[in-house]
Amino acid sequence: MVLSGRTPSRRRLAAALTVLSCVVTLTAAGCTGDDDDGFRPGAADVGDPYVPGRGNGGYDVTHYGLDVRYDPKTDRLTGRATITATATQDLSRFNLDLVGLDVGAVTVADERAKHRRDDGELVVTPRDRLSRGRAFTVAVDYAGVPTVTDGELGSGGFLHTDDGAIALGQPDSAATWFPVNDHPSDKASYDIAVTVPDGLSALSNGVPGPKSSADGWTTWRWSEHTPMASYLSTLVIGNYRVVNGEHAGRPLVTAVAASLPANGGAAGSLARTGEIVDFLASRFGPYPFDAYGGIVVADDRIGYALETQSRPVYGPAFFTDDHPNPGVVAHELAHQWFGDSVSLHRWSDIWLNEGFASYAEWLWEEHDGGRTAQRNFELQYASTDWSQPSVEPGRERMFGTAVYKRGALAVHALRRTVGDDIFFRILRTWTTERAGGTATTSDFVALAERVADRQLRPLFDAWLVGGAAPTLP
C-alpha cells in the first residue's frame, strides 16, 4: 500500500497494518485496503445466487453509450463504452462485468484510472475516490474476439455466424460484448452505434437513428431511452431483409434473415406485430416503449425466442416455410410489459416474467379464434406437476415448466377469484405503477390485494408454491 506524501497518522498506520493482516490471511470480506475514511470498494457480486458473479455494488448506472465495430472476417470486436453512473456509497473502486475481451484505457471523470482483470470482472480504481451521491462517467476502450457461453437456454453470449454475429442470451450475455453491471436490478438507458462492413445490417434495441457510411463501413445507430435490463440488450449483424415501418406513431422495425423465405411463416408472423401489440395493450395498458419490432435469425443454435427490449429475437425453429406462429410473438411482446418494463429484482421471481407471458399466449389464442383461456387453463391444470414451485424454482429449473405454465395457472386463478374487471385493473395498475422499474413477487401480491381490497396471499401460496393441486376457485 502506498500512502500519500504526508506523514501518516496513527489511524492511517493502523489501517495499513489491518490491510497487511488481511492480505496475509487471505480474508476478503471487509479487508480491502480501501476503507480509509469510510471509502470502500463496491461489491464484486450483486448477491443473486441464480447468477453467481454477476452484477456489482456501490453504484447505479443510468446510461450506456456504446460505440462498437465488428469485422465478421476476423470475428474481432472493438469498442468504447461510456457509462454514466452514480455512486451509492463512498466508493474507492468498483467492478464491471466483462468476459473475454482485452481492455485498453479506462478513464473515470476524464482522468486515467487504474484497472485490472479478475476473471470475468474489470476492476477499476479511479484516481479520485467517489463520494456517495456523486454522478460520474466511466469510459472503457476494449477489443478482442468475443466469447460464447453455454447456458440454460443453449448457446448464448456473442455468437459468430456465417454472415455476422448475434449477441443474445438469458440470464446473461451483455458482458460478452461490453462492460456492464450485468443484473436486471440495475437498469439504464442506451445509445448504441454499430459499425459493420457495407451491405450488412446491424440491428439493436429501440428507435433507429441516422446511418452513415465511409471507407466501406456503415454505422447503424439505435437509442433505447426507457430503462433496460442488460440481458435485454441485443446486437444482430448479418444479411437481413429489414422492413422499416410505423405503427401508432412509433417506428416499427422488423427483420428476417435473408436465408429464410421472404413470404414464409417467420415474415408472416412478424407482420402481425402491430396487431398483437394493440390487443395486448387493450388488456395490459399502453405499450411502454418508443419503438416496436422483431428479428428472426437463421442460426439453429438459437433454439429460443427472447424478449429483447422493443425488438424480440426469434430462433428459426418457431416457424416453417408455410406456417406462421403468432403465439410466440404474443409471448415475447407480452414480455415488453412483464419483464422488460417491469423487470425482476432477483431471478428467483422469474415467474413474474414467464407466467404472465405464457398467459398472454392463452389470451391471444382465444382472441385469434382458438381455444379459450379457460380451456387452456383446464388442460394445463390436469397435467401439471405440483411438486415443482414457480417461485424460487432453483437455478437449474429457472426456465422450467413450473415457472411458465404453473405461473400462467396462478394468473388465471387470480382472474377467476377476483373477476375480470378487478383482474385487468390489477394488471394495468401493475404495469403503470411499476413501469421502468423492478419488482418482486411480494410486491405483486401486495398490489393485487390493494386493488382487489381482499387478502390474496393464501391463493398465491397455493398456486405458486404449494405441493398439491390447489382447489379450483
Side-chain angles (χ1 to χ4, degrees), residues 276-288 326-327 330-342 344 349-386 388-391 401-435 439-466 468-473:
I276 294 171
V277 165
D278 288 347
F279 167 72
L280 295 176
S282 73
R283 300 298 188 267
F284 302 153
Y287 180 74
H331 183 108
E332 302 309 328
L333 290 177
H335 274 309
Q336 305 307 303
W337 287 265
F338 298 96
D340 293 15
S341 177
V342 186
L344 301 172
D349 286 318
I350 189 175
W351 86 273
L352 286 170
N353 292 7
E354 302 301 347
F356 282 96
S358 297
Y359 190 67
E361 290 185 63
W362 298 355
L363 294 177
W364 170 256
E365 183 179 355
E366 179 176 334
H367 174 76
D368 204 32
R371 282 193 301 240
T372 64
Q374 175 64 24
R375 183 56 181 155
N376 274 314
F377 171 81
E378 293 165 353
L379 293 171
Q380 187 60 50
Y381 179 88
S383 63
T384 291
D385 176 3
W386 299 98
Q388 301 300 321
S390 300
V391 180
T401 301
V403 168
Y404 287 71
K405 299 305 183 182
R406 186 172 177 177
L409 289 173
V411 175
H412 192 72
L414 173 64
R415 180 180 179 181
R416 288 183 56 158
T417 298
V418 302
D420 279 10
D421 287 347
I422 292 176
F423 171 74
F424 287 109
R425 194 186 315 157
I426 288 170
L427 300 195
R428 288 190 290 268
T429 302
W430 177 253
T431 61
T432 299
E433 292 188 1
R434 291 283 177 170
T440 66
T441 297
S442 294
D443 293 329
F444 182 77
V445 174
L447 181 141
E449 290 183 329
R450 170 165 60 86
V451 174
D453 194 24
R454 60 184 292 183
Q455 187 179 29
L456 294 169
R457 170 61 71 177
L459 173 81
F460 284 108
D461 286 344
W463 285 89
L464 292 172
V465 299
T471 302
L472 291 173

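Only a predicted model underlies this, so the values are computations on that prediction, with no experimental measurement involved.
Asp349 CG to Leu464 CG: the interatomic distance, rounded to the nearest 0.5 Å, is 9.5 Å. In this structure, CZ on Phe338 lies 12.5 Å from CG on Leu344, to the nearest 0.5 angstrom. We find the CZ-CD1 distance between Arg415 and Ile426 to be 12.0 Å, quoted to the nearest 0.5 Å. With rounding to the nearest 0.5 angstrom, the CZ atom of Arg371 is 10.0 Å from the CH2 atom of Trp362. Here the OG1-CD distance, from Thr401 to Glu354, works out to 11.5 Å after rounding to the nearest 0.5 Å. To the nearest 0.5 angstrom, Tyr404 atom OH is 10.0 Å from Glu361 atom CD.
Aromatic rings of Phe444 and Phe356 (six-membered ring for Trp) have centroids within the 6.0 Å cut-off, being under it. Taking the six-membered ring where the residue is Trp, the centroids of Trp364 and Phe284 are separated by 6.0 Å or more. Taking the six-membered ring for Trp and the full ring otherwise, Trp386 and Tyr381 have centroids separated by under 6.0 Å.
Closest approach of Pro389 and Val465 over heavy atoms only: CB-CA, 4.1 Å. Heavy-atom minimum distance, Gln336 versus Glu332: NE2-O, 3.1 Å. Heavy atoms only, all atoms of each residue included: Asp368 and Pro326 are closest at OD2-CG, 4.3 Å. For the residue pair Ala360 and Leu280, the shortest heavy atom distance occurs at CB-CD2, 4.1 Å. The minimum heavy-atom distance linking Pro286 with Trp337 is given by the pair O-NE1, 3.1 Å.
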>> Pair Val411, Phe423 - check side chain to side chain contact (heavy atoms under 4.5 Å, CB included), show working.
In response: CA-CA 9 Å; Val411 175; Phe423 171 74; 3.6 Å; yes
> Passes side chain to side chain contact (heavy atoms under 4.5 Å, CB included), Val418 versus Leu456? Steps please.
Replying inline: CA-CA 9 Å; Val418 302; Leu456 294 169; 4.1 Å; yes
>> Between Thr417 and Arg454, does the side chain to side chain contact (heavy atoms under 4.5 Å, CB included) criterion hold? Intermediate values first, please.
In response: CA-CA 11 Å; Thr417 298; Arg454 60 184 292 183; 3.8 Å; yes
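Contact check for Trp430 versus Val451: no side-chain heavy atoms found under the 4.5 Å cut-off. Two residues are said to be in side-chain contact when any heavy atoms from C-beta on lie closer than 4.5 Å; Phe424 and Leu427 meet this criterion.
Put simply, the side chain of Asp443 gets close to the backbone of Thr440: a donor and an acceptor are under 3.5 Å apart. Checked by atom type and distance alone, the side chain of Glu449 pairs as donor or acceptor with a backbone atom of Arg457 at under 3.5 Å. Between the side chain of Glu366 and the backbone N or O of Ala373, at least one donor-acceptor pair lies under 3.5 Å. Using a distance-only test at 3.5 Å, with no hydrogens or angles considered, no donor-acceptor pair links the side chain of Ser358 to the main chain of Gly355. Side-chain atoms of Ser390 come within 3.5 Å of backbone atoms of Ala402 as a donor-acceptor pair (strictly under, hydrogens ignored). Of the possible donor and acceptor atoms, one in the side chain of Arg416 sits under 3.5 Å from a partner among the backbone N and O of Pro473. Side chain of Arg406 to backbone of Gln388: a donor-acceptor contact under 3.5 angstrom is found.
For Asp453, the CG atom counts as loosely surrounded, since its 6.0 Å shell holds 12 or fewer non-hydrogen atoms of other residues, nucleotides or ligands. Applying the 6.0 Å contact sphere to CG of Asp421 captures no more than 12 heavy atoms from other residues, nucleotides or ligands.
Ring planes of Phe460 and Trp351: tilted class, angle from 30 to 60°.
With Glu433 as the partner, the salt bridge (Lys or Arg N to Asp or Glu O under 4.0 Å) test is satisfied by one option alone out of Arg425, Arg450, Arg428: Arg450. Of the residues Leu409, Leu459, Val445, the one that meets the side chain to side chain contact (heavy atoms under 4.5 Å, CB included) test with Leu414 is Leu459.
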